[in-house]
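No experiment lies behind these values; they were computed from the predicted model shown.
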Amino acid sequence: MKFQQSYSQKQQQTQKLAMTQELQQAIQILQFNTEELQDYVETVSLENPLFDVVAPKIQSDLMQMHSGPIKEDSFIQIADHPVSLFEHLIHQIHLNYRDTFIREIMLVLVEYIDVNGYLKVDEEEIKKELKATDIQYLDALTLLQQLDPPGVGARSLQECLMLQTEQDDYAPELAYLLLEESFEAIAKRKFEQIAKDYQISLAQVQQILDYIRSLNPFPGTGFGSQDSNFIIPDLTLVRREGQLVVLSNKRGQLRLNFQENYFNRLKLQADEETKVYLKEKLQQFEWLNKTLGQRKDTILEVGKIIVQHQAAFFENKQGTLKPLMLKDVAKQLAVHESTISRAVNGKYIETDFGVFELRSFFVNKVNDEDTSADEVKHLISALIEQEDKHKPLSDQKIVELLAEKEQKISRRTVAKYRDALNIPSSSKRKRFD
């Protein structure tokens, strides 16, 4: 048996993109939001004496150009130390009640109130621990439940709504009684049964139910839960001679201040080792400055395409959005889809009617049609708004009406979009007044 070996030699040329450290950093810089970018650049500046960081100003270009009184709602501004619900309640107790055993019980109970304002405690165990009688405990609880915000200290949703109604001089006459005696019937919308039991009209039942819906089921929300940061828009949209113009928000961008005198002085006096060090730091500064400029330009170009494509939204101040995919913008700018994703996440555009994340303008098509989910939601919302409230439209009827407008979607999709719009089902929209 003979063994043969054959060798062949081929030369193949391939092209690879090496993921260098600088390329990784450039990708990361594009992905950073304004706050993250500032933290990163300031960290770099601590190791590079050739430049300082000029932090972005809070006031934006649109606010600067505003001709009337400045409204600071184009960014989120929160107090440095938002008051917590706990602090709010403790302050009221110390302000309004003398130092007694009842107040001591109240101060203990406050510690068991959750962030929604509800009292979550084993009452028998607390009474035993504090050696309080049933009357003393009830007195403390009653006083606690009279504090602001109305409904605080409740042990259930029913009690929360009853407390708010009790403290409201303008509540409908039977609202408290219905909450106390017929809470389950209210929850199940048994209007006819309630009208019969209390010998009132369906219109009066409807009025009471409308009032109850206006109450706050979570009285503790809004205390000390805000984000303490600012949102500084990357882009500003202005209207010039009837045209939509997108600008980089210069006041919202950090700048690198090169220490030229310091650099020249050191360069003249430096030895070879120091010169190598200065060259390295100079290259780092130039690269970082260039990368920041590229980041700004990329976000601006993406913003321009978004505004051009979603012109109806901006011209009509929150009109409907058209279908737009990341790959559509990537194709126009001849870049990878991931670049667009990084350029829109956590980046904001400021308009004269609000601040919006760039990511929010990307919406999918519905059933491969040139219609966005946003447009269909607007159609559903408009149909429901115009419906006869005594005979509200079912989801199936909405499907049929949309089909007449050449929008073919399933009943299941209608239900999903209706839920997304926080619109209840037809049975819960029915009115009797």
Chemist: Is there a donor in the side chain of S45 and an acceptor in the side chain of E42, or the other way round, less than 3.5 Å apart?
Modeler: no
Chemist: Looking at side-chain heavy atoms only, is the closest gap between I299 and L358 below 4.5 Å?
Modeler: yes
Chemist: What's the verdict on side chain to side chain contact (heavy atoms under 4.5 Å, CB included) for L268 and N264, showing C-alpha distance, side-chain angles and the deciding distance?
Modeler: CA-CA 6 Å; L268 289 173; N264 290 332; 5.6 Å; no
Chemist: How long is the gap from CD on Q259 to CZ on R265, to the nearest 0.5 Å?
Modeler: 9.5 Å
Chemist: Do Q145 and E159 have a side chain donor and acceptor closer than 3.5 Å?
Modeler: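 Yes - a donor-acceptor pair under 3.5 Å links their side chains.
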Chemist: What orientation do F356 and F313 show, parallel under 30°, tilted 30 to 60°, or perpendicular over 60°?
Modeler: perpendicular
Chemist: Would you compute the distance between atom CZ of R213 and atom CD1 of I186 and round it to the nearest 0.5 angstrom?
Modeler: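 The CD1 atom of I186 is 10.5 Å from CZ of R213, to the nearest 0.5 Å.
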Chemist: Give, for atom CD1 of I398 and atom CD of E387, the distance between the pair rounded to the nearest 0.5 Å.
Modeler: 7.0 Å
Chemist: Looking at H94, I want to see if its NE2 is surrounded by more than 12 non-hydrogen atoms of other residues, nucleotides or ligands under 6.0 Å.
Modeler: yes
Chemist: Using every non-hydrogen atom in the two residues, find where L163 and A154 come nearest and quote the distance to one decimal.
Modeler: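 Taking L163 first and A154 second, the nearest heavy atoms are CD1-CB, 3.9 Å.
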Chemist: Surrounding CZ of R412 (heavy atoms of other residues, nucleotides or ligands, distance under 6.0 Å), is the total greater than 12?
Modeler: no
Chemist: Taking atom types as modelled and ignoring hydrogens, do the side chains of D168 and Y211 form a donor-acceptor contact shorter than 3.5 angstrom?
Modeler: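 Result is yes, a qualifying pair exists.
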Chemist: Taking atom NZ as the centre, does K290 end up with more than 12 heavy-atom neighbours from other residues, nucleotides or ligands that are less than 6.0 angstrom away?
Modeler: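 For K290, atom NZ is not crowded (no more than 12 foreign heavy atoms under 6.0 Å).
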Chemist: Under a 3.5 Å cutoff, is there a donor and acceptor pairing between the side chains of R359 and S341?
Modeler: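 Their side chains do contain a donor-acceptor pair, which is all the 3.5 Å distance test asks for.
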Chemist: Keeping E36 on the side-chain end and N33 on the backbone end, is there a donor-acceptor pair under 3.5 Å?
Modeler: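 A pair under 3.5 Å: yes.
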Chemist: Under 4.5 Å between any side-chain heavy atoms of L247 and L235, yes or no?
Modeler: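 Of all side-chain heavy-atom pairs linking L235 with L247, none is under 4.5 Å.
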Chemist: About how many Å separate CG of L402 and CG of L383, when rounded to the nearest 0.5 Å?
Modeler: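 Rounded to the nearest 0.5 Å, the CG-CG separation comes to 5.5 Å.
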Chemist: Under 6.0 Å from the CZ atom of R411, do we count more than 12 heavy atoms belonging to anything else shown?
Modeler: no
Chemist: Under the side chain to side chain contact (heavy atoms under 4.5 Å, CB included) criterion, do K347 and T34 qualify, and how do the steps go?
Modeler: CA-CA 8 Å; K347 317 303 189 303; T34 304; over 6 Å; no
Chemist: Can you find a heavy atom in the side chain of R431 that is under 4.5 Å from one in the side chain of L202?
Modeler: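 Sidechains of L202 and R431: no contact.
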Chemist: Scan residues 264-292 for pairs that pass ring pair (Phe, Tyr, Trp, His ring centres under 6.0 Å), counting only residues two or more places apart or in two chains.
Modeler: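 For residues 264-292, and leaving out neighbouring residues, the ring pair (Phe, Tyr, Trp, His ring centres under 6.0 Å) pairs sorted by first residue read F51-F285, F258-F285.
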Chemist: Between D234 and K296, does any side-chain N to carboxylate O distance fall below 4.0 Å?
Modeler: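 Not counted as a salt bridge, because no side-chain N and carboxylate O are separated by less than 4.0 Å.
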Chemist: Begin with the C-alpha distance, continue with both residues' side-chain angles, and end with the deciding distance and a verdict on salt bridge (Lys or Arg N to Asp or Glu O under 4.0 Å) for K196 and E192.
Modeler: CA-CA 6 Å; K196 182 180 178 181; E192 290 87 352; over 6 Å; no
Chemist: Any chance you could lay out the side chain to side chain contact (heavy atoms under 4.5 Å, CB included) test for I212 and T165, step after step, and finish with the verdict?
Modeler: CA-CA 8 Å; I212 291 172; T165 305; 5.6 Å; no
Chemist: Please check this pair: side chain of Q158 against backbone of L179, looking for a donor-acceptor N/O pair closer than 3.5 Å.
Modeler: yes
Chemist: For residues D395 and A415, report the shortest heavy-atom separation together with the two atoms involved.
Modeler: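 So the minimum-distance heavy-atom pair works out to OD2-CB, 3.6 Å.
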Chemist: Would you say that R103 contacts I93 through its side chain, given a criterion of any heavy-atom pair below 4.5 Å between the two side chains?
Modeler: yes
Chemist: Side-chain contact, heavy-atom cut-off 4.5 Å: L144 with I113?
Modeler: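 A side-chain contact exists here, since the closest heavy-atom pair is under 4.5 Å.
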Chemist: Answer yes or no: is there a side-chain heavy-atom contact under 4.5 Å between V115 and T221?
Modeler: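 No - every pair of side-chain heavy atoms lies 4.5 Å or more apart.
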Chemist: Could you tell me whether the side chain of Q310 and the main chain of V307 form a donor-acceptor pair under 3.5 Å?
Modeler: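 Such a contact is absent between Q310 side chain and V307 backbone.
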Chemist: Answer yes if the side chains of Y198 and S182 hold a donor-acceptor pair under 3.5 Å, and no otherwise.
Modeler: yes
Chemist: I need the minimum non-hydrogen distance between A140 and M106, along with the two atoms involved.
Modeler: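 A140 and M106 have their closest heavy atoms at O-CG, 3.5 Å.
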Chemist: Examine distances only and state if a side-chain atom of N316 and a backbone atom of A312 form a donor-acceptor pair shorter than 3.5 Å.
Modeler: yes
Chemist: As an exercise, state the distance from CG of L161 to CG of L178, rounded to the nearest 0.5 Å.
Modeler: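 These two atoms lie 12.5 Å from each other.
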Chemist: Are the side chains of L174 and I208 in contact, using a 4.5 Å heavy-atom criterion?
Modeler: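 Result yes, sub-4.5 Å side-chain heavy-atom pair found.
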Chemist: Quick check: closest heavy atoms across S426 and P392, and the distance to 0.1 Å?
Modeler: O-CG, 3.0 Å
Chemist: In sequence, state the C-alpha distance, the side-chain angles, and the governing distance for F86 and V110, and then conclude on side chain to side chain contact (heavy atoms under 4.5 Å, CB included).
Modeler: CA-CA 7 Å; F86 177 81; V110 168; 3.3 Å; yes
Chemist: Determine whether a donor-acceptor pair (N or O, by modelled atom type, separation under 3.5 Å) exists between the side chain of R418 and the backbone of I423.
Modeler: yes
Chemist: Starting at NE2 of H309, measure out to CE of M325 and round the result to the nearest 0.5 Å.
Modeler: 11.0 Å
Chemist: Main chain of P233, side chain of E350: is a donor-acceptor contact present, judged purely on distance under 3.5 Å?
Modeler: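 Absent.
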Chemist: Under 3.5 Å, is there a donor-acceptor pair between the side chain of E87 and the main chain of S84?
Modeler: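 The answer is yes, because a donor-acceptor pair under 3.5 Å joins these two groups.
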Chemist: Answer yes or no: is there a donor N or O on one side and an acceptor on the other, between the side chain of Q38 and the main chain of L254, under 3.5 Å?
Modeler: no
Chemist: Are any non-hydrogen side-chain atoms of V245 and L237 less than 4.5 angstrom apart?
Modeler: no
Chemist: Would you check if the side chain of N48 reaches a backbone N or O of K281 as a donor-acceptor pair within less than 3.5 Å?
Modeler: yes
Chemist: If every non-hydrogen atom of L333 is compared with every non-hydrogen atom of I340, which pair is closest and at what distance?
Modeler: CD1-CD1, 4.1 Å
Chemist: Could you pull out the closest heavy-atom pair between V363 and K322, with the gap in Å?
Modeler: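 Smallest heavy-atom distance, with atoms named: CG2-O, 2.9 Å.
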Chemist: For K430, look at atom NZ and say whether over 12 heavy atoms of other residues, nucleotides or ligands are found less than 6.0 Å away.
Modeler: no
Chemist: Using only heavy-atom distances, determine whether the side chains of Y97 and Q92 contain a donor-acceptor pair under 3.5 Å.
Modeler: no
Chemist: Could you give me the CA-CA distance, side-chain angles and deciding distance for R342 and S338, then say whether side-chain hydrogen bond (donor to acceptor under 3.5 Å, both in side chains) is met?
Modeler: CA-CA 6 Å; R342 294 185 182 99; S338 62; 3.3 Å; yes
Chemist: Any luck finding a side-chain donor-acceptor pair between T291 and R295 under 3.5 Å?
Modeler: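 No donor-acceptor contact under 3.5 Å links the two side chains.
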